[in-house]
J.: 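Supplied in structure tokens, the structure appears directly below.
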Amino acid sequence: MDSRKRLLRWAGGIMVVLGAGHLSLLALFAWGDVTGWADRGLWAAVPLEFTGGAQTVESLQNKLVFWAGPGGFAVPLLLLGCLIWHLAGQGVAVPAGLGWGVAAWCVLGGVLLVPSPFFAGTVSGALIVLAARDRLSSGG
């Protein structure tokens, strides 16, 4: 396996682990809230409220669980990790700009949400950039 493929596989794997881990922790710690959406109807996950009144603790908790799980970064990060893994297996180059974007997003998220595993995503971004540079330096 060439170094570019290995770098991209590591980058994709880290993203898959971060996304799946985040969803798993959500399921473990907020299972009651998630299953409550099915009980109340899927529209109950984050209902539109135009009343402008005070929100209840339950509604805030419900929104927190939604945005921490299916509405947050976990699903797109998981899908992006799977895509990068697949592209690496096909020998398709991943642009360095994607790596820079992931790295910047994860650094910003890590700074804003300390302590956080966001910084582990920075490694994925750096690996994508290194793989793109490896492609340029090897001429392919």
Side-chain angles (χ1 to χ4, degrees):
M1 182 184 312
D2 67 358
S3 64
R4 180 181 46 196
K5 183 176 180 178
R6 187 174 43 255
L7 291 171
L8 289 175
R9 286 274 169 107
W10 270 101
I14 290 169
M15 287 185 220
V16 166
V17 167
L18 286 174
H22 199 271
L23 290 174
S24 298
L25 287 173
L26 178 79
L28 183 66
F29 291 113
W31 187 249
D33 293 314
V34 174
T35 57
W37 299 339
D39 294 341
R40 294 184 310 270
L42 291 179
W43 289 106
V46 182
L48 295 175
E49 297 170 353
F50 297 112
T51 60
Q55 297 184 17
T56 66
V57 172
E58 292 80 19
S59 71
L60 290 174
Q61 174 68 23
N62 192 46
K63 290 175 184 175
L64 174 72
V65 169
F66 175 78
W67 289 113
F73 77 93
V75 174
L77 191 64
L78 180 66
L79 294 172
L80 181 61
C82 289
L83 176 64
I84 290 174
W85 183 278
H86 174 75
L87 291 176
Q90 299 295 317
V92 176
V94 177
L98 181 69
W100 284 113
V102 168
W105 172 58
C106 289
V107 165
L108 179 64
V111 167
L112 293 175
L113 189 64
V114 173
S116 167
F118 250 117
F119 289 117
T122 307
V123 175
S124 290
L127 291 173
I128 294 169
V129 171
L130 289 174
R133 287 189 179 185
D134 184 42
R135 177 181 59 89
L136 291 175
S137 66
S138 66

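For the numbers below, each heavy atom of this structure counts, side chains included, while hydrogens, waters and symmetry mates do not. What you are looking at is a predicted structure, and each value in this text was computed from that prediction instead of being measured.
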J.: What donor-acceptor contacts under 3.5 angstrom involve side-chain atoms of residues 90-105, with partners at least two apart or in another chain?
T.:
none

J.: Atom SG of C82 and atom CG of L87: how far apart are they, to the nearest 0.5 Å?
T.: 11.0 Å
J.: For residues 67-80, tabulate all N or O donor-acceptor pairs below 3.5 Å that involve a side-chain atom, not counting sequence neighbours.
T.:
none

J.: Same cluster for W10 and V16 if Ile/Leu/Val/Met/Phe/Trp/Tyr side chains link at under 4.5 Å?
T.: no
J.: Please give me the minimum heavy-atom distance between K5 and G89, naming the atom from each residue.
T.: CE-CA, 3.8 Å
J.: Without placing hydrogens or testing angles, list every side-chain donor-acceptor pair under 3.5 Å for residues 109-130, not counting sequence neighbours.
T.:
residue, atom, partner, partner atom, Å
S116, OG, F118, N, 3.0
T122, OG1, F119, O, 3.3
S124, OG, A11, O, 3.1

J.: Can you tell me how far apart CZ (R4) and CG (L7) are? Round to the nearest 0.5 Å.
T.: 10.0 Å
J.: Linking I/L/V/M/F/W/Y whenever their side-chain heavy atoms sit closer than 4.5 Å, directly or via other members, would L18 and V107 fall into one cluster?
T.: no
J.: Do L83 and M15 share a hydrophobic cluster (ILVMFWY, side-chain heavy atoms under 4.5 Å, transitive)?
T.: yes
